[in-house]
Amino acid sequence: MLVETMLTLQKRGAHNINFVTPTHATIALEAAIPAARKKGLTIPIVYNTGGYDSIEQLRRMDGLVDIYMPDIRYQDGEIAKALSNAADYPKVNRNALKEMHRQVGDLQVVDGVAVRGLLVRHLVLPEDKAGTEEALRFLAEHVSPNTYVSLMAQYFPAYKAPEISGLDRRITREEWLQAAAAFKKSGLNGWTQRM
C-alpha cells in the first residue's frame, strides 16, 4: 500500500515524498523505499524530523533518504529538559545533524526544487530559549557553512505554553532582528525567512 501511494503521488506531480516524524516507521521505510524505486519512483525521499534521532536509526536510512529536514531546537540541556523532557537533546541533535549531512551533503536545488541534501529548521523562541546564535554557529562550524537554514518566526504559545514564563507570548520584533543578526554573523550561506 505504501509503495503504491508513493507512486501515485509521483504520478500526480509531487516534487517529493515527505515522511514527517518517521522514526517509528524506519523498518517499514527500509522495505518500501527500495520497492518503490524498483517500480519507478524517482522523486526525492524527505525525512522530516524534530532532530532527536539516534545515529543507529539514521544509518539505517543511509542511501534511502535524499533530503533530511530536521529541526535544531534547544542548545541548553536544562531548557530541553524543562520544555521537552529531553536533557540530552542538544547532544543527540548535534550528532544527528552531522550524520545527516554526512549522508546527503549540502542542499542541492534544481529549478527551484530541492533534490538532495540537508535543510535545517530553527524556530526562534522568546527570551532566546532556543539558543539561536549558538545553534547557527554550530551549523556553520561543525556541519557546513553552506547549510540551508529556515529561520522561523512563527512561534505561537499553544497547549501548556501559556503557563510557562517566557513561552507565554510570541517573539518580539527585536528578538527576530537579533536572530536575523545572529544568522548573518554565523557566516551561513543558506537563507532566512522574514518575520
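All figures in this text were calculated on a predicted structure; none of them were measured in a lab.
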Answer yes or no: is there a side-chain heavy-atom contact under 4.5 Å between [X] and [Y]?
X: E30; Y: M61; answer: yes
X: F183; Y: T132; answer: no
X: H101; Y: D106; answer: yes
X: K39; Y: E4; answer: yes
X: P126; Y: D168; answer: no
X: I27; Y: R60; answer: yes
X: M6; Y: I45; answer: yes
X: T23; Y: D53; answer: yes

Expected output: side-chain [X] to main-chain [Y] donor-acceptor under 3.5 Å:
X: Q103; Y: L58; answer: yes
X: E175; Y: V124; answer: no
X: D71; Y: R73; answer: no
X: R121; Y: M69; answer: yes
X: N93; Y: G51; answer: yes
X: Q75; Y: F138; answer: no
X: R116; Y: P44; answer: no

Give me the one residue out of V46, T49, L2, T26 that meets side chain to side chain contact (heavy atoms under 4.5 Å, CB included) with F19.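 Result for side chain to side chain contact (heavy atoms under 4.5 Å, CB included) with F19: L2.
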Smallest separation among heavy atoms of [X] and [Y], with atom names:
X: I79; Y: D76; answer: N-OD1, 3.0 Å
X: A130; Y: H122; answer: CB-CE1, 3.5 Å
X: L125; Y: I171; answer: C-CG2, 3.6 Å
X: V3; Y: A32; answer: CG2-O, 3.6 Å
X: W176; Y: M152; answer: CZ3-C, 4.0 Å
X: P90; Y: A86; answer: CD-O, 4.4 Å

Reported [atom1]-to-[atom2] distance for the pair [X] and [Y], which is rounded to 0.5 angstrom:
X: L188; Y: E141; atom1: CG; atom2: CD; result: 9.5 Å
X: L29; Y: H24; atom1: CG; atom2: NE2; result: 8.5 Å
X: I17; Y: T5; atom1: CD1; atom2: OG1; result: 9.0 Å
X: T147; Y: L136; atom1: OG1; atom2: CG; result: 10.0 Å
X: L119; Y: M100; atom1: CG; atom2: CE; result: 11.5 Å
X: N18; Y: I67; atom1: CG; atom2: CD1; result: 8.5 Å

With the 4.5 Å side-chain cut-off for hydrophobic clustering, are [X] and [Y] part of the same group?
X: L64; Y: V115; result: no
X: L7; Y: L9; result: yes
X: I55; Y: L139; result: no

Checking F156 against R170 for the side-chain contact (heavy atoms from CB on, under 4.5 Å) test, could you report, in this order, the C-alpha distance in whole Å, the side-chain angles of both residues, the deciding distance, and whether it holds? CA-CA 5 Å; F156 180 82; R170 297 183 77 121; 3.4 Å; yes
Please verify the inter-ring angle class for Y52 with Y89; under 30° counts as parallel, over 60° as perpendicular, anything in between as tilted.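 Geometry flag for Y89 against Y52: parallel rings.
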Can E99 and R102 be counted as an ion pair, charged N to O under 4.0 angstrom?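 Looking at E99 and R102, the cut-off is met.
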Counting only heavy atoms not in H142 (residues, nucleotides, ligands), do more than 12 fall under 6.0 Å from its NE2?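 Counting other residues, nucleotides and ligands, NE2 of H142 exceeds 12 neighbours.
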With ring centroids as reference points, do Y68 and Y47 lie under 6.0 angstrom apart? yes
